[in-house]
Peer 1: 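I have a structure here, written as structure tokens, and I will follow up with some questions on it.
Throughout, numbering of the chain's residues begins at 1 and tracks the sequence. Just so you know, ligand 1 is whichever comes first in the structure, and atom 1 is the first atom listed for that ligand.
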Amino acid sequence: MNWYAGFETAVTENVPLAPKTWFNVGGPARYFVEPEDVAQTAAILLRLRENDIPIYVLGSGANLLVSDAGVNGAVIHLNRSAFKTIAFEGRQVSAGAGADVQRLIRECAHKGLSGLECLAGIPGTVGGEVRMNAGGAFGDIGSQVLDVTVMDINGQSYTRQRDDLVFEYRHSNITAKLILAATFELIPDDPNRIAEKVKEIWMFKRNSQPLAENNAGCIFKNVNGTSAGQLIDKTGLKGLRIGGAEVSQRHANFIVAKPGCQAADIQALITQVRRRVQEKFSVILETEVVIW
Ligand code: EPU
């Protein structure tokens, strides 16, 4: 019997992952799983566990490099409407893990709730951005979190409160396999002022980052507050190219995937950049981008 008997509407085999990532490179997922709701997610997780199938969780693929071989396991994508809800209650907003953060920012601005605009221009889902505490110079998502609902590999779900959560630079202490939803506590402000702030942050990013090309945001983490982009730039690596992968001319911590680019080109370029920066500055850059 097939491991996913009874869940045929949620599981597809051999699904190309490239179009689901911002790099637009990489191979297929052996199984691609889009559960209908929380109960079905729990049941599918149990089946995957019983069958020893590795589990990967996809958000919006904005910070992800999939290898050319793809993924020999199950990629779970919380993309159905049950996981995209956004609900307001006073100063709080609860959002499903699959909700798009840019949409969430717009809805909060409209309601006159401030706090999430620091994430303007950082593509991602609520689940993905909470998991790795997405942010930048203007703030991070973790500082606005009130609680996070997660599901472990046994299909058990529970809610973790702010006191028990730790958000650090591009890192959280959430270890459960899946994030299902998060609640944020925001500050009332004038909708026009919030919209202005969002616009300013967008302009900053448009001027300093290669937003129009296929990329996955910053490749490396900053090092004790020093911009990895600046280190790579000072090493003279802007424009360095391997195959279809190129260090962005606009921001050196971005790699852009040109037409025909393979995941292996990007991986080779990451290795080369890391080596050259280590030679020059004796600093070992750590990747921020998730690699499957
Ligand atoms: N710089 C250079 N050359 C470059 C890039 C940057 O000299 O090629 C200099 C800039 O001129 C500036 C300094 O380095 O003086 C810092 O640059 P920037 O303001 O772009 O910030 P960053 O530290 O490089 C971080 C985040 C970005 C986020 C920006 C803005 C990390 C790894 N990067 O970049 O996040 O967009 O701040 O808030 O934390 C991401 O997470 O994917 C990402 C792109």
Peer 1: Starting from atom 31 (C) of ligand 1, what is the nearest protein heavy atom, named by residue and atom, and what distance separates them?
Peer 2: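 Atom 31 (C) of ligand 1 sits closest to the protein heavy atom Y169 OH, 3.3 Å.
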Peer 1: Return the OG to NZ distance between S60 and K20, rounded to the nearest 0.5 Å.
Peer 2: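 Here the rounded value is 12.0 Å.
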Peer 1: Please check atom 44 (C) of ligand 1 for a protein heavy-atom neighbour under 4.0 Å.
Peer 2: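 Under the 4.0 Å cut-off, atom 44 (C) of ligand 1 does have protein heavy-atom neighbours.
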Peer 1: Strictly distance-based, threshold 3.5 Å: is any side-chain N or O of N215 a donor or acceptor partner for the main-chain N or O of G217?
Peer 2: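 Answer holds: yes.
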Peer 1: Give the numbers and elements of all ligand 1 atoms closer than 4.0 Å to a heavy atom of F220.
Peer 2: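 Per the distance check, 32 (C).
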Peer 1: From N214 CG over to C261 SG, what is the distance, rounded to the nearest 0.5 angstrom?
Peer 2: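 Between N214 CG and C261 SG, I get 8.5 Å after rounding to 0.5 Å.
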Peer 1: Does any N or O of ligand 1 fall below 3.5 Å from an N or O anywhere on Q209, backbone included?
Peer 2: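 The answer is yes, given that Q209 and ligand 1 share an N or O pair closer than 3.5 Å.
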Peer 1: Among protein heavy atoms, which lies nearest atom 15 (O) of ligand 1, and at what distance?
Peer 2: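 Ranked first by proximity to atom 15 (O) of ligand 1 is Q230 NE2, 4.1 Å.
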Peer 1: Taking N or O atoms only and a 3.5 Å limit, does S227 qualify as a polar contact for ligand 1?
Peer 2: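 Looking only at distances, the answer is yes, because the N/O contact criterion of under 3.5 Å is met.
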Peer 1: Quick test: of every protein heavy atom, which one is nearest to atom 30 (C) of ligand 1, and how far off is it to 0.1 Å?
Peer 2: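 For this ligand atom, the closest protein heavy atom is F204 CE2, 3.7 Å.
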Peer 1: Does K234 have a heavy atom less than 4.0 Å from any atom of ligand 1?
Peer 2: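 No heavy atom of K234 comes that close to ligand 1.
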Peer 1: Just to confirm my output: which protein heavy-atom neighbour is closest to atom 37 (O) of ligand 1, and how far is it?
Peer 2: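 So the nearest neighbour among protein heavy atoms is A137 N, 3.9 Å.
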Peer 1: Does an N or O anywhere in D233 fall below 3.5 Å from an N or O of ligand 1?
Peer 2: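 Yes - when backbone and side-chain N and O of D233 are compared with those of ligand 1, one distance drops under 3.5 Å.
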Peer 1: Hey, is CH2 on W292 packed in by over 12 heavy atoms from elsewhere, all under 6.0 Å?
Peer 2: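 It does: W292 CH2 has more than 12 such atoms within range.
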Peer 1: What residue and heavy atom of the protein are closest to atom 41 (O) of ligand 1, and at what distance?
Peer 2: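 Answer, as residue, atom name and distance: E288 OE2, 2.9 Å.
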Peer 1: Looking only at distances, can you tell me whether any N or O atom of C218, backbone or side chain, sits closer than 3.5 Å to an N or O atom of ligand 1?
Peer 2: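 Yes; the residue has a nitrogen or oxygen that sits under 3.5 Å from a nitrogen or oxygen of the ligand.
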Peer 1: Between K84 and N79, is any side-chain donor less than 3.5 angstrom from a side-chain acceptor?
Peer 2: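 Yes, because at least one side-chain N or O of K84 sits under 3.5 Å from a partner of the opposite role on N79.
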Peer 1: Which distance, rounded to the nearest 0.5 Å, do you find between the CG of L17 and the CG of L64?
Peer 2: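 That separation rounds to 8.0 Å.
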Peer 1: What protein heavy atom sits nearest atom 25 (C) of ligand 1, and how far off is it?
Peer 2: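 Answer, as residue, atom name and distance: N222 ND2, 4.0 Å.
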Peer 1: Give the contacting part of N253 toward ligand 1: side chain, backbone, both or neither, where contact means a heavy-atom distance below 4.0 Å.
Peer 2: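 Answer for N253: side chain.
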Peer 1: May I ask you to check whether A216 has an N/O atom sitting below 3.5 Å from an N/O atom of ligand 1?
Peer 2: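 No, A216 has no N/O under 3.5 Å of an N/O on ligand 1.
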Peer 1: Could you tell me whether a side-chain N or O of S172 sits under 3.5 Å from a main-chain N or O of R131, the two making a donor and an acceptor?
Peer 2: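 Yes, because the side chain of S172 sits within donor-acceptor range (under 3.5 Å) of the backbone of R131.
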Peer 1: Taking the six-membered ring of F138, is the NZ or CZ of K197 close enough (under 6.0 Å from the centre) and on axis enough (within 45°)?
Peer 2: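 The answer is no, since K197 fails at least one limit relative to F138.
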Peer 1: When you compare ligand 1 with H251, is there at least one nitrogen or oxygen pair between them that comes in under 3.5 angstrom?
Peer 2: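 For ligand 1, there is an N or O atom that lies under 3.5 Å from one belonging to H251.
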Peer 1: If you draw a 6.0 Å radius around CD in E89, do more than 12 non-hydrogen atoms from other residues or ligands fall strictly inside?
Peer 2: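 Counting neighbours around CD of E89, 12 or fewer heavy atoms of other residues, nucleotides or ligands fall under 6.0 Å, so no.
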Peer 1: How far is atom 8 (O) of ligand 1 from its nearest protein heavy atom, and which residue and atom name does that atom have?
Peer 2: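 Ranking protein heavy atoms by distance from atom 8 (O) of ligand 1, first comes A252 N, 2.8 Å.
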